[in-house]
Amino acid sequence: MDDSPECEPALEFAFRQAELRGGPVRAIHAWQPPVQLYAPQVNYDPDDITAAANQVVAARIARFREAYPRVEVIEDVRRAHPVDALVAASAKAALVVVGSHGRGVIRSALLGSVSHAVLHHARCVVAVVR
């Protein structure tokens, strides 16, 4: 998950499926250091970035926790590329749910597509939700 409103339909789908199947939701938020971090004059603290990411995850899923109180939620913030984090998690998952921004074929090819890569490399069923 990211911090955009576009991830909400995927979260809704994931929580609904977890409720129906009696399983947990692992809300994964993967982050990578910004490119400017490799400049020597830029100071950053990975712990600060992780703490901020944890707040983003907690805020984004708060309403889903309330709407689906029987669903166990595991908040999982990782320093990794989103594709790597999701593919790794797929090894122990029954279902991976990813969102799609619907940018279209040409923009996805230029920007890269997390959902496309996860579809090709996941080790379980993948649901792509727009």
Side-chain angles (χ1 to χ4, degrees):
M1 61 172 287
D2 60 19
D3 61 351
S4 72
E6 287 84 10
C7 76
E8 299 265 332
L11 285 169
E12 180 71 42
F13 184 86
F15 272 84
R16 181 72 179 132
Q17 290 302 308
E19 181 179 66
L20 290 171
R21 298 167 187 254
V25 166
R26 177 175 296 276
I28 297 175
H29 177 88
W31 65 273
Q32 294 180 289
V35 173
Q36 67 265 28
L37 294 180
Y38 299 106
Q41 69 274 16
V42 177
N43 283 327
Y44 84 101
D45 183 352
D47 293 335
D48 289 345
I49 295 173
T50 299
N54 281 320
Q55 290 176 347
V56 165
V57 170
R60 181 66 60 195
I61 64 173
R63 107 175 148 84
F64 297 102
R65 281 184 184 272
E66 188 175 310
Y68 297 93
R70 293 185 307 255
V71 173
E72 176 189 358
V73 180
I74 302 157
E75 296 179 18
D76 187 348
V77 174
R78 303 177 187 199
R79 184 176 174 180
H81 188 279
V83 171
D84 296 335
L86 291 167
V87 169
S90 76
K92 296 181 181 177
L95 173 67
V96 171
V97 179
V98 293
S100 173
H101 294 282
R103 293 187 173 117
V105 176
I106 294 174
R107 277 190 75 190
S108 287
L110 294 173
L111 298 173
S113 171
V114 171
S115 57
H116 185 262
V118 171
L119 277 169
H120 285 281
H121 300 288
R123 294 185 234 154
C124 67
V125 176
V126 178
V128 180
V129 179
R130 277 197 166 194

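- Hydrophobic clustering (side-chain heavy atoms under 4.5 Å, transitive across Ile, Leu, Val, Met, Phe, Trp, Tyr) groups F64 together with V73.
- Note: the hydrophobic cluster containing M1 does not contain V97 (ILVMFWY, side chain heavy atoms under 4.5 Å, direct or indirect links).
- The ring-ring contact (aromatic ring centres under 6.0 Å, His included) test applied to H116 returns H120, not counting sequence neighbours.
- Within the 4.5 Å cutoff, no side-chain heavy atoms of W31 are placed close to those of R78.
- In this structure E12 satisfies the salt bridge (Lys or Arg N to Asp or Glu O under 4.0 Å) test with no other residue, sequence neighbours excluded.
- Residue pairs meeting the ring pair (Phe, Tyr, Trp, His ring centres under 6.0 Å) criterion with at least one member in residues 65-84, sequence neighbours excluded, are F15-Y68.
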Determine all donor-acceptor pairs shorter than 3.5 Å in which one atom belongs to a side chain in residues 85-92; sequence neighbours excluded.
unit_1: S90; atom_1: OG; unit_2: V87; atom_2: O; d: 2.6
unit_1: S90; atom_1: OG; unit_2: R123; atom_2: N; d: 2.9

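- At least one side-chain heavy atom of Q17 sits under 4.5 Å from a side-chain heavy atom of L95.
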Going by atom type alone, with no hydrogens or angles, which donor-acceptor pairs under 3.5 Å involve a side-chain atom of residues 49-62 and a protein atom two or more places apart or on another chain?
unit_1: T50; atom_1: OG1; unit_2: P46; atom_2: O; d: 3.0
unit_1: N54; atom_1: ND2; unit_2: T50; atom_2: O; d: 3.2
unit_1: R60; atom_1: NH1; unit_2: E8; atom_2: OE2; d: 2.7
unit_1: R60; atom_1: NH2; unit_2: D3; atom_2: O; d: 2.7

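- The two residues S100 and V128 make their nearest non-hydrogen contact at CB-CG1, 3.7 Å.
- With sequence neighbours excluded, the residues that form a side chain to side chain contact (heavy atoms under 4.5 Å, CB included) with D45 are D47, D48.
- Residues passing the side-chain hydrogen bond (donor to acceptor under 3.5 Å, both in side chains) test with E72: none are found, sequence neighbours excluded.
- Residues I28 and L119 are members of one and the same hydrophobic cluster, defined by side-chain heavy-atom contacts under 4.5 angstrom among Ile, Leu, Val, Met, Phe, Trp and Tyr.
- Taking all atoms of both residues into account, the shortest heavy-atom contact from P82 to V114 is CB-CG2, 4.1 Å.
- For H29 (side chain) and V77 (main-chain N/O), no donor-acceptor pair under 3.5 Å exists by modelled atom type.
- E75 is linked by a salt bridge (Lys or Arg N to Asp or Glu O under 4.0 Å) to R65, counting only residues two or more places apart in sequence or in another chain.
- Residues passing the salt bridge (Lys or Arg N to Asp or Glu O under 4.0 Å) test with R16, sequence neighbours excluded: E19.
- Across all their heavy atoms, A93 and C124 have their closest contact at O-CB, 3.3 Å.
- Residues G99 and S115 approach most closely at O-CB, 3.9 Å, considering heavy atoms.
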